[in-house]
Every structure is written in C-alpha cells, then in structure tokens.
There are 2 protein chains.
Amino acid sequence: MSLASDMIRGHTDTIILAQLLKEDSYGYKINRAIVEKTGGLFELKEATLYTAFRRLEQSGCITSYWGDENTGARRKYYSITPHGVEEYNRMVAQWEQSAGLLQRLIYPE
Amino acid sequence: MSLASDMIRGHTDTIILAQLLKEDSYGYKINRAIVEKTGGLFELKEATLYTAFRRLEQSGCITSYWGDENTGARRKYYSITPHGVEEYNRMVAQWEQSAGLLQRLIYPE
DNA sequence: TTATATACCTCGTCTGTCAAGGTATATAAC
DNA sequence: GTTATATACCTTGACAGACGAGGTATATAA
C-alpha cells in the first residue's frame with residue numbers, strides 16, 4: 001500500500017458521499033472525478049471503490065439503480081440517502097477534529 | 001475500531017517520531033504526552049504503541065535501551081536515528097499533501 | 001493485602017486496502 | 001476479422017495496522 005493511501009484510509013466513504021451530494025453518479029465517473037480533482041495525485045483502486053459501495057449500501061447511506069443507457073457499458077448509479085447525508089456531516093466533523101489533533105501531534109513541541 | 005482511530009491510522013509512526021525529536025522517551029510517557037496534547041481526545045492503545053515501536057526499530061528509525069532507574073518499573077527508552085529523522089520529514093510532507101488532497105475531496109464541488 | 005499507578009509485552013481478531021484476476025460493450029486502427 | 005483502447009462492472013485472497021483481552025513486574029498508599 002502506498003503511503004498516500006494509508007493517509008486517506010478511512011476517508012474513502014466520506015469522499016464517495018461528497019461526490020454523491022451534488023448528484024447521482026456511478027463508480028467509474030466518481031473515480032475519474034477524484035483523479036481530476038487531485039491532479040492525478042490520488043485515485044481509488046477499483047477493489048476499494050466497489051468494497052466501499054457495498055459497505056455504504058449495507059449501512060443505508062446510499063441506494064443503487066441500473067442506468068438505462070442503450071449504448072456502451074451498463075452503469076450502476078448511486079444515490080445518497082438522508083441517512084447518508086447525516087453520516088457525511090458526521091464524518092466531515094470527525095475529519096476536521098482529527099486533522100486538528102494531528103496538527104498538534106505531528107509537530108514537535 | 002473507532003472512527004477517530006481510522007483517521008489517525010497510518011500516522012502512528014509519525015506521532016511517535018515527533019515525540020522523539022525533542023528527546024529520548026519511553027512508551028508510557030509518550031502516550032501520556034499524546035493524551036495531554038489532545039486534551040484527552042486521543043490516545044494510542046498499548047497494543048498499537050508497542051507494535052509501532054517494533055516496526056520503527058526494525059526499519060531503523062529508532063533504537064532502544066533500558067533505563068537505569070533503581071526504583072519503580074523498568075523503562076525502555078527510544079532514540080530517533082538520523083534515518084528516523086529523514087523518515088519523519090518525509091511523513092510530515094506526505095501528511096501535508098494528503099491533508100490538502102482530502103480538503104479538496106471531502107467537500108462537494 | 002488490596003488497590004492503584006507505573007511500565008512493559010503478546011496473541012488473536014477485525015477491517016480497509018488492493019493486486020490480480022474476470023466479464024461485457026463500443027469504437028478505432030490495422 | 002482481430003487487435004487495442006476506453007468504458008464499466010465485479011470477486012477473491014492476501015496483507016497490514018489497530019486493538020481488545022490477556023499477561024508480567026515494581027512501588028506506594030489505604
């Protein structure tokens with residue numbers, strides 16, 4: 001595992017939920033958006049991405065439906081649920097808190 | 001695992017090295033310093049702490065020696081090595097980069 | 001002698017990540 | 001026609017870090 005991944009570890013769900021706040025989307029597109037936003041510095045590995053979708057759907061944070069494209073590969077779309085929005089807000093608050101803690105901890109004195 | 005722990009995951013080594021930059025120290029004291037610095041909001045679990053010491057010593061980032069207390073429980077002191085300092089600097093840079101990436105990723109738009 | 005604080009350690013489990021593999025559709029190149 | 005690339009989904013098995021639960025030992029205070 002790369003160091004950057006270890007740093008992002010635990011935030012995968014938050015990142016995905018953030019993408020879904022704006023509009024429904026599907027795995028491939030979400031990953032492209034992440035790569036673009038970070039200027040190619042970060043991407044979610046496919047296995048990680050689809051594991052996260054399963055986890056989020058099981059916990060009621062997202063729901064899914066198949067798109068009705070009549071051309072190209074099929075797409076599975078995801079929607080964020082009200083519970084997902086709550087969880088998102090909670091996770092962002094957690095991130096802000098733990099980022100603050102780390103700032104205090106990783107610099108000497 | 002608590003959410004906060006998952007956020008800190010991967011930063012344990014950096015936190016420990018940061019403590020050792022100032023002076024040699026031992027496990028129990030390092031943990032107390034962390035609890036104090038974060039106002040009790042975070043602590044390293046003992047199993048995590050001693051796993052990290054083993055990992056850091058094996059990778060040449062720290063060395064250890066037994067203290068010569070003639071009272072109380074024995075203490076195992078750790079020193080950061082030049083290689084450990086390098087690693088620390090690398091990890092801090094990584095943290096700063098990934099914190100920036102996350103800022104861009106966890107907020108919509 | 002019982003409790004608390006200090007101080008160290010290990011074992012086994014859990015969870016998130018990811019390499020490696022797979023399937024299927026559409027387009028462009030040769 | 002077939003080979004390559006892009007799109008788009010998925011699963012399996014292994015790995016690594018975190019940690020609950022247990023253990024050992026010393027000193028002091030109740």
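Just so we're on the same page: letters track the sequence lines, and every chain starts at 1.
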Counting only side-chain nitrogens and oxygens, does [X] get under 4.0 Å of the OP1 or OP2 atom of [N]?
{"X": "B:Arg9", "N": "C:dC14", "result": "no"}
{"X": "B:Thr48", "N": "D:dG17", "result": "no"}
{"X": "B:Arg54", "N": "C:dT10", "result": "yes"}
{"X": "A:Thr12", "N": "C:dT17", "result": "yes"}
{"X": "B:Arg32", "N": "C:dT6", "result": "yes"}
{"X": "B:Lys76", "N": "C:dC9", "result": "yes"}
{"X": "B:Tyr50", "N": "C:dT10", "result": "no"}

Nucleotide forming a Watson-Crick or wobble pair with C:dT25, both distances under 3.5 Å: D:dA6
Pairing partner of D:dA30 (Watson-Crick or G-U wobble, both distances under 3.5 Å): C:dT1
Taking [atom1] from [X] and [atom2] from [N], how many angstroms apart are they, rounded to a whole number?
{"X": "B:Tyr28", "N": "C:dC8", "atom1": "OH", "atom2": "P", "result": "9 Å"}
{"X": "A:Asn31", "N": "D:dA6", "atom1": "CG", "atom2": "P", "result": "15 Å"}
{"X": "A:Leu49", "N": "C:dC18", "atom1": "CG", "atom2": "P", "result": "11 Å"}
{"X": "A:Arg75", "N": "D:dA6", "atom1": "CZ", "atom2": "P", "result": "17 Å"}
{"X": "B:Trp66", "N": "C:dT6", "atom1": "CH2", "atom2": "P", "result": "18 Å"}
{"X": "B:Glu46", "N": "C:dA5", "atom1": "CD", "atom2": "C1'", "result": "12 Å"}

Distance, nearest 0.5 Å, that separates CD1 of A:Ile34 from CG of A:Leu41: 13.0 Å
Separation of B:Tyr26 OH from B:Glu69 CD (nearest 0.5 Å): 7.5 Å
Shortest non-hydrogen contact from A:Ile62 toward A:Phe53: CD1-O, 3.6 Å
Sugar-phosphate only, base, or nothing, as touched by A:Thr71 at under 4.0 Å among non-hydrogen atoms: sugar-phosphate
